[in-house]
Amino acid sequence: MVNEEVFKPLNLTETNWYNELDETFAEVIREQNRKFWSVSSNIDGSQMNMYASAREFAQWGLLHLNTGKYNGKQLIQPEILKLATTIHSPSFPTLDLPENGFLWYVKGSERKRSEIGALVPKGAFQILGYTTVTLLVIPSEKIVAVRAFNSFGSPEGYDYLADVRSFGDSIMVEVTFSPES
């Protein structure tokens, strides 16, 4: 259904579920025999194995930014995307935990363990992939940003949360100090 309703109308040719990789795929940087690394032969969309180029991942973000429209055509109903990118997390006793929509982290208030940087404005939303790929959408600035590391796991001493937050913060620093602002 996603192929027919979204991928084909968006002309996505580098995005799909794959269980066999060829020379067009970048090798995932990882330690051999890593305990939590796994692959699956499943390609029905119910598990991992969805691959996308950075360019097409950005198009996915742009579709969300444009409330489901592409080339003037409504591909996804805005209400569905609003549900996905609106905070649905329960109220936790601690304010440390991130706020979430459906599959997206959503910036509502500042949270100690949020994946979204402190400089990123409220209403932004971000999705993270299995190999550290990050898609950040900042509606108030009309920005879609992609970071593709294509790596799995973290070296000793690496602070994942600080690193992924710095991605969004660096985008906002660039927006703040760009000559066009």
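Computed from a predicted model, the values in this text were never measured in an experiment.
- Contact annotation: the side chain of L95 approaches that of R111 to within less than 4.5 Å [non-hydrogen atoms, C-beta and beyond].
- The minimum heavy-atom distance between T85 and H64, with the atom names listed, is CG2-CD2, 4.2 Å.
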Candidate pair I171 and E141, rule side-chain contact (heavy atoms from CB on, under 4.5 Å), full reasoning: CA-CA 10 Å; I171 301 296; E141 299 292 333; over 6 Å; no
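- Clustering ILVMFWY residues whenever any of their side-chain heavy atoms sit less than 4.5 angstrom apart, transitively, puts Y160 in the very cluster that holds V120.
- Considering CD1 of I138 and CZ of F125, their distance stands at 10.0 Å, rounded to 0.5 Å.
- Panel note: side chain Q74, backbone T67; a donor-acceptor pair is recorded below 3.5 Å.
- By the criterion of side-chain heavy atoms lying less than 4.5 angstrom apart, applied directly or through intervening Ile, Leu, Val, Met, Phe, Trp or Tyr residues, I127 is grouped together with I80 in one hydrophobic cluster.
- Between the side chain of E99 and the main chain of S89, no donor-acceptor pair closer than 3.5 Å is present.
- Under the salt bridge (Lys or Arg N to Asp or Glu O under 4.0 Å) test applied with E110, the options K112, R113, K107 reduce to a single match, K107.
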Intermediate values then yes/no, side-chain contact (heavy atoms from CB on, under 4.5 Å), Q59 and Y70: CA-CA 9 Å; Q59 279 184 265; Y70 177 73; 4.0 Å; yes
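- A side-chain donor-acceptor contact under 3.5 Å links R165 to the backbone of S114.
- By the criterion of side-chain heavy atoms lying less than 4.5 angstrom apart, applied directly or through intervening Ile, Leu, Val, Met, Phe, Trp or Tyr residues, L97 is not grouped with L161; the two fall into different hydrophobic clusters.
- With rounding to the nearest 0.5 Å, the separation of CG in L135 from CG in L62 is 10.0 Å.
- K73 NZ to L10 CG: the interatomic distance, rounded to the nearest 0.5 Å, is 10.0 Å.
- For the pair S140/K122, no side-chain contact is recorded, criterion being any heavy-atom separation below 4.5 Å from C-beta on.
- Under the 3.5 Å distance criterion, the side-chain polar atoms of Q126 are matched with a main-chain donor or acceptor of E115.
- Rounding to the nearest 0.5 Å gives a distance of 10.0 Å between CG of L81 and OG1 of T86.
- A84 and W104 make their closest contact through O-CD1, 3.6 Å (heavy atoms, listed as atom of the first residue, atom of the second, distance).
- The minimum heavy-atom distance linking T15 with A52 is given by the pair OG1-CB, 3.4 Å.
- Note that CZ of R147 and CG of D163 are 4.5 Å apart. Values are rounded to the nearest 0.5 Å.
- Of the possible donor and acceptor atoms, none in the side chain of E14 sits under 3.5 Å from a partner among the backbone N and O of S53.
- Note that the CD1 atom of I87 and the OG atom of S109 stand 6.5 Å from one another [nearest 0.5 Å].
- Think of F102 as one node in a network of Ile, Leu, Val, Met, Phe, Trp and Tyr side chains linked at under 4.5 Å; its network also takes in L83.
- Partners of D169 under the salt bridge (Lys or Arg N to Asp or Glu O under 4.0 Å) rule, at least two apart in sequence or in another chain, do not exist in this structure.
- The shortest non-hydrogen separation linking N3 to P9 is O-CD, 4.2 Å.
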